[in-house]
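Inspection log for the structure reproduced underneath, given as structure tokens.
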Amino acid sequence: MSSAYKHKSIEEAIQKRWHKEERYVSKVDDREKYYCLSMFPYPSGKLHMGHVRNYTIGDVISRYKRMQNFNVFQPMGWDAFGLPAENAAIANKVSPSDWTSQNIENMKTQLKSLGFSYDWSKELRTCDSNYYKWEQLIFKKFYDAGLVYRKKSLVNWDPVDETVLANEQVIDGKGWRSGAQIELKEIDQWFIKITDYAEELLDSLDNLDWPENVKLMQKNWIGKSYGAEIKYKIDGQDKYLTTFSTRPDTIFGVSFLAISPNHSLSIELSENDKNISEFLEKCKEAKAAEADIAKAEKLGIDTNIKVVHPLTDKKIPVWIGNFVLLDYGTGVVMGVPGHDTRDYEFASKYGLEINQVIETDSTELPIIDKGVLVNSGKFDGMSSEEASQKIIKELIELDKGKELIQFRLRDWGVSRQRYWGCPIPVIYEESLPKMVNDKDIPVELPKLTRNSLPTPLNQNEDFINIGNNLFRESDTFDTFMDSSWYYARFTSADNDNEIFDENTNYWLPVDLYIGGIEHAILHLLYSRFFHKALRDIGLLDGDEPFKRLLTQGMVLKDGAKMSKSKGNTVDPQPYIEKYGADTVRLYMMFTSPPEQSLEWSESSVEGAARFLKKLWNLVNDRQNIELNNKFDFSKDELELRRKSHSTLKKVEHDYEVRFSFNTAIAAIMELLNSIPESYKEEKATDSQKFCLNEVIVFSLKMLSPIAPHICEHLWNNFQTNESCIESSWPKFDEDIIESEEFELIIQVNGKVRGKINIDKNLEEEEIKNIALEVDNVSNNIGENQIKKVIYVKDKLINFVI
RNA sequence: GGGGAUGUGGUGGAACUGGUAGACACGCUUGGCUUAGAACCAAGUGCCGCAAGGCGUGGGGGUUCGACUCCCUCCAUCCCUACCA
């Protein structure tokens with residue numbers, strides 16, 4: 001009788017061996033490389049099931065590729081700067097630095113206990129000055145390349161705490177701690193010109209092996225649109241308001257212009273008009289987040305200023321509207337209520353004219369679709385497309401507009417008014433900013449004195465005032481800066497003298513990048529931008545950082561994404577202790593396909609544990625006996641061999657092409673279920689033992705990327721001639737998979753009426769006759785005449801009556 | 001508001017290219033083993049129906065010999081929306 005499966009001692013022993021052998025420390029060699037990267041975590045305290053899912057996927061692929069003789073690089077690090085460390089510091093009186101280090105230690109221990117094959121020799125922490133010094137240098141280089149500028153921009157201001165709040169910290173318009181009404185406040189901030197790369201970021205999406213939905217999201221986010229810039233002369237003044245519209249064909253329907261509350265004209269008018277200044281004050285009581293602006297009630301106020309319509313000379317009112325964003329386009333919107341939902345709503349509310357200038361089949365305004373022009377003077381009767389061109393041409397002739405391509409993408413504001421981040425390497429002299437000298441980099445983040453709260457750096461006199469009337473920049477970088485280039489730094493993480501080195505060229509680009517779908521736009525777009533900008537500076541090669549992308553779906557709990565900040569995490573630790581890492585990994589992979597979101601439930605953890613136990617009972621205490629394979633296999637034996645080889649083929653496809661680990665596992669379960677009991681007995685024949693051994697060898701190999709500890713342990717006891725389970729991946733034999741027969745599905749009018757095994761060599765006519773003989777088929781056809789026969793080779797025949 | 005996804009038994013899911021709906025598991029039911037339990041083993045398990053058979057992939061409509069799969073429409077849920085990461 002075999003001994004019981006003891007996951008704890010096996011996993012500890014195997015992990016110890018990996019560590020001792022330095023098995024996963026990677027070195028450049030002449031094999032084909034495979035850089036497999038999972039998004040590094042924010043060290044929030046403990047791992048949760050979302051992490052386990054993400055990192056198991058990466059580890060399965062890394063281990064599979066290693067067995068295929070690729071030189072695999074799988075590093076891990078920490079996205080260690082960010083808001084939660086400051087919150088924890090305030091709540092628990094620990095410094096952000098200590099809190100972060102402690103969390104990293106905890107989570108690293110957890111990652112190790114799960115048996116992930118990371119190359120820990122390349123570990124990174126973004127909060128180390130050894131990491132962020134390079135980030136400060138990159139920023140300087142971006143500045144030298146003309147990619148950095150300063151501009152005023154809006155933030156959420158808490159007037160009680162006198163701090164800037166993240167969108168997440170504003171709840172129903174109130175500060176989450178103070179409860180004070182938040183105001184929009186304009187402050188100077190640093191921006192990076194990601195828009196210089198808008199066109200390339202859009203175009204090169206086509207060449208990426210990424211999921212289509214992610215490419216589409218990025219495309220829509222960049223938002224290239226073709227339209228016209230149209231100038232409206234302010235009545236009685238020699239000034240113009242400039243708008244952008246993608247629908248110049250609707251220009252005869254313009255009944256108002258709406259300008260942003262932050263537009264210079266709005267501010268100018270508010271100085272002498274109490275109503276307007278009150279309205280602008282009210283507009284400040286908003287949240288900066290786009291979703292909130294879009295959902296807020298549309299409010300406006302008439303400025304009493306009129307502009308002149310460029311084609312009709314009609315006088316048109318100018319309103320201030322709270323829904324107009326200054327950052328997008330020109331901060332002026334031309335209102336066409338007949339053909340735009342938002343404009344329609346606004347015009348209805350304030351009694352502005354609603355004119356129809358486009359006709360379609362629809363009778364109800366607003367009509368959003370393109371159509372044929374009406375009420376548009378000489379353009380009547382033209383299609384939207386034709387009219388757009390002619391109208392732009394006319395505007396150009398009148399010098400009142402031009403054709404324009406516009407992007408939705410805005411420049412990247414990287415300033416944060418926070419302590420726990422990378423200091424921005426700038427010094428001000430008489431308010432004029434200058435980059436710090438290279439020799440003064442890194443600008444180290446000052447340590448907090450004991451028990452002091454993490455206040456923004458502008459309150460740290462020792463840090464900002466460096467004498468001689470010189471002052472340091474007190475803002476820190478957006479943490480998206482830290483995560484935009486870490487994938488590249490991993491390749492040279494142990495090099496203190498250079499940012500990147502010859503290893504960088506060997507490992508980049510990342511062959512497979514794995515992470516949550518929530519990063520589909522921002523993080524992935526910023527990283528793509530960084531790569532291109534670093535290329536143009538001469539620091540990196542290639543156009544894109546991530547060749548292939550796998551976006552995993554959210555792990556949900558109580559209907560929302562599992563995260564520390566939402567307080568709905570599930571800690572894997574109790575499961576690792578009770579069932580072992582292999583079971584947890586197997587369960588996570590078995591429970592759903594990676595791209596799908598998954599509501600957490602432990603309902604079938606037991607099933608995964610049971611399966612490994614079954615595997616253990618089958619293989620443990622069994623030895624692989626070397627047998628000559630010149631057997632005259634029986635039908636049943638051949639059937640099992642066919643199953644072994646076809647399962648191997650399927651698993652390869654599922655691991656490599658589909659990332660469909662749940663179906664791969666199901667196939668292996670089926671294979672083990674299909675072994676006849678007698679093959680496992682002592683008295684089984686040699687040919688039966690041969691078939692059983694084949695199942696075991698294939699199964700251990702196929703499962704080892706998912707459940708590496710138990711498979712390696714069983715392998716060492718079972719196999720004698722190949723020491724390491726990881727040293728190869730088996731090969732399937734297509735000849736064995738090929739079968740002489742197939743199961744024919746017989747339908748009558750598309751409904752299944754019979755199934756029968758058919759020799760593959762038979763002709764269609766013979767198959768048809770055999771099918772018609774089947775009882776249930778002939779009964780269903782009865783006296784009816786067969787109108788049509790549809791035959792799908794090796795699959796199905798359908799009689800239409 | 002905008003953008004992107006998802007929706008299949010009691011539960012997680014399978015069906016990869018328009019061709020057997022429910023693989024593989026969980027749970028449950030019955031039986032075996034056991035002093036009892038755990039564990040394990042065997043059989044059953046979409047719904048209605050005694051059966052023959054019929055119905056069935058979020059709702060409604062369409063295309064097709066044939067639709068979970070394609071088209072239209074509606075509903076629900078999740079993610080992102082530029083300062084959570």
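Just so it is clear: chains get the letters A, B, ... in the order the sequence lines come, proteins before strands, and each one is counted from 1.
A salt bridge links A:D188 with A:K152; the closest basic N to acidic carboxylate O contact falls under 4.0 Å. Salt bridge absent: A:K295 and A:E290 never bring a charged side-chain N and a carboxylate O closer than 4.0 Å.
If you check every strand for non-hydrogen atoms under 4.0 Å, A:R610 touches sugar and phosphate atoms only. Residue A:F323 is out of contact with every strand shown, counting any heavy-atom pair closer than 4.0 Å. When heavy atoms are screened at a 4.0 angstrom cut-off, A:R408 is found touching base atoms of the nucleic acid. Among the atoms of the strands shown, only primed sugar atoms or phosphate atoms (P, OP1, OP2) are found under 4.0 Å from some heavy atom of A:A289. In this structure, A:K564 reaches neither bases nor backbone, as no heavy-atom distance under 4.0 Å exists between it and the strands shown. A:V792 comes within 4.0 angstrom of a base, heavy atoms only. The residue A:F611 sits apart from the nucleic acid: no heavy atom pair falls under 4.0 Å. At a threshold of 4.0 angstrom between heavy atoms, the contacts of A:E595 with the nucleic acid are absent. As judged by a 4.0 angstrom heavy-atom cut-off over every strand, A:E599 is placed among residues making no nucleic acid contact. Residue A:S415 is in base contact, counting any heavy-atom pair closer than 4.0 Å across all strands shown.
With distances taken from any side-chain atom of A:M217 to the nucleotides B:C80, B:C24, B:G3, the minimum falls on B:G3.
Summarising the geometry, the separation between CH2 on A:W221 and C1' on B:A82 is reported as 4 Å, rounded to the nearest angstrom.
Mapping A:R416 and A:A294 onto RNA chain B by nearest heavy atom places A:A294 closer to the 5' end of the strand. Of the two residues near RNA chain B, A:D654 and A:E670, the one whose nearest nucleotide lies more 5' is A:D654.
With C1' as the reference atom, B:U69 and B:A21 are 12 Å apart, rounded to whole Å.
Relative to the ring axis of A:F346, A:K298 does not place its NZ or CZ within 45° and under 6.0 Å from the centre.
In the interface, the side chain of A:Q189 is paired with the base of B:C83 through a donor and an acceptor atom under 3.5 Å apart. Between the side chain of A:E290 and the base of B:G1 there is at least one donor-acceptor pair of N/O atoms closer than 3.5 Å.
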Dot-bracket line, read 5' to 3' along RNA chain B, where crossing pairs take [ ] and | marks a partner on another strand, Watson-Crick or G-U under 3.5 Å: (((((((..(((......[....)))((((((.......))))))(((....)))..(((((..]....))))))))))))....
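OP1 or OP2 of B:A14 has at least one side-chain nitrogen or oxygen of A:N662 nearer than 4.0 Å.
Against the 90° criterion about 0, the sugar-base torsion of B:G56 places it in the anti range.
Listed in residue order, the members of residues 162-175 of chain A having a heavy atom less than 4.0 Å from RNA chain B are A:V164, A:L165, A:A166, A:N167, A:E168.
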